[in-house]
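Working notes for the structure below.
We count residues from 1, following the sequence as given.
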Amino acid sequence: MNVGLTLGGIAVALAILWLNFRKWWKGNRDPKDLIPYGAGSALGSLSTICIGGALGWGASGVAGLLSSAGSTGVSKVTGTSGASSMPTGRMGVLTPEGAVVTCLVLVGVIALYKSSGKLDKRRIVGGFVTFAILGFLPGIASLLGWWPDAVNWLGATAVDVAKSGGDAL
């Protein structure tokens, strides 16, 4: 997947991450308050490995659009280019079973979005945007390398249980 990722785009993603985390940190630090942002982040990060699918296209588009906007913003504010190109990488590959789990994550995030208030809807979108950008960075992709493996394992385990019942566990 050809993604035009720049320092400006990473700046936008980090700003969204910081703004979401800061509000939680200064608040009551209730873990459930992280669910909307975390749900969007989970979907955004998985989207970066959905090569050839709508989620992959969306993640790539978000990363490219916000990289362009972020680079322009950095340039306008500082007078120095923020368009320095960044390398991209991937966390891993989805198996067919992992792809089904990813679709179920999408359904869950959509359901959460539909039932959320205005602020939590923004947090869900913010999480998606943050990790649709950061998930393409080789270092972040390496740190999140366990995520596609976990999704693939969950899908494969569900298929095994469906085929052979409780003996698969």
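- Atoms CG and CG, from Leu137 and Leu143 in turn, are 10.5 Å apart once rounded to the nearest 0.5 Å.
- At least one side-chain heavy atom of Asp33 sits less than 4.5 Å from a side-chain heavy atom of Asp30.
- In this structure, Lys32 and Ile35 have side chains that are in contact, with non-hydrogen atoms separated by less than 4.5 Å.
- Under the 4.5 Å side-chain criterion, counting only non-hydrogen atoms from C-beta, Ser81 is not in contact with Ser75.
- No continuous path of ILVMFWY side-chain contacts below 4.5 Å connects Leu19 to Phe21, so the two sit in separate hydrophobic clusters.
- Here the CH2 atom belonging to Trp153 is positioned 12.5 Å from the OG1 atom belonging to Thr95, to the nearest 0.5 angstrom.
- Listed by first then second residue, pairs satisfying side-chain hydrogen bond (donor to acceptor under 3.5 Å, both in side chains) with a partner in residues 130-151 read Tyr37-Thr130, Ser45-Trp147, not counting sequence neighbours.
- Using a 4.5 Å cut-off on side-chain heavy atoms (C-beta onward), Leu66 and Ile133 make contact.
- Ile49 and Arg90 get closest at one heavy-atom pair: O-NH2, 4.1 Å.
- More than 12 heavy-atom neighbours from other residues, nucleotides or ligands sit within 6.0 angstrom of CH2 on Trp24.
- Here the CG atom belonging to Asp120 is positioned 11.0 Å from the OH atom belonging to Tyr113, to the nearest 0.5 angstrom.
- Taking 4.5 Å as the limit, every side-chain heavy atom of Val151 sits out of range of all side-chain heavy atoms of Met91.
- Shown here for Ala39 and Val109, the closest heavy-atom pair between the two residues is O-CG2, 3.5 Å.
- To the nearest 0.5 Å, atom CG of residue Leu46 and atom CG of residue Leu94 are 6.5 Å apart.
- Looking at heavy atoms from C-beta onward, Leu106 lies in side-chain contact with Leu43 at the 4.5 angstrom threshold.
- With Ser164 contributing its side chain and Asp160 its backbone, the two residues share a donor-acceptor pair below 3.5 Å.
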Side-chain donor-acceptor contacts of residues 3-18 below 3.5 Å, not counting sequence neighbours, with atom names and distances?
from, atom 1, to, atom 2, distance (Å)
Thr6, OG1, Gly8, N, 3.4
Thr6, OG1, Gly9, N, 3.3
Thr6, OG1, Ser67, O, 3.1
Thr6, OG1, Ser71, OG, 2.8

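- In this structure, Arg29 is positioned above the aromatic face of Trp25, its NZ or CZ under 6.0 Å from the six-membered ring centre and within 45° of the axis.
- Proximity of Leu144 to Phe131: side-chain heavy atoms (C-beta onward) are separated by under 4.5 Å at one or more points.
- Taking each heavy atom of Ser116 and Lys121 in turn, the nearest pair found is O-CE, 3.2 Å.
- In this structure, Asn152 contributes its side chain and Pro148 its backbone to a donor-acceptor pair below 3.5 Å.
- For the residue pair Ala63 and Ala132, the shortest heavy atom distance occurs at CB-O, 3.9 Å.
- Taking each heavy atom of Leu55 and Ser47 in turn, the nearest pair found is O-CB, 3.5 Å.
- Contact detail for Glu97 and Val159: the closest heavy-atom pair is CG-CG2, 3.7 Å.
- The backbone N or O of Gly64 lies less than 3.5 Å from no partner atom in the side chain of Ser68, so there is not a single donor-acceptor pair.
- When hydrophobic clusters are built by joining Ile, Leu, Val, Met, Phe, Trp and Tyr residues whose side-chain heavy atoms come closer than 4.5 Å, directly or via intermediates, Leu34 is not grouped with Val129.
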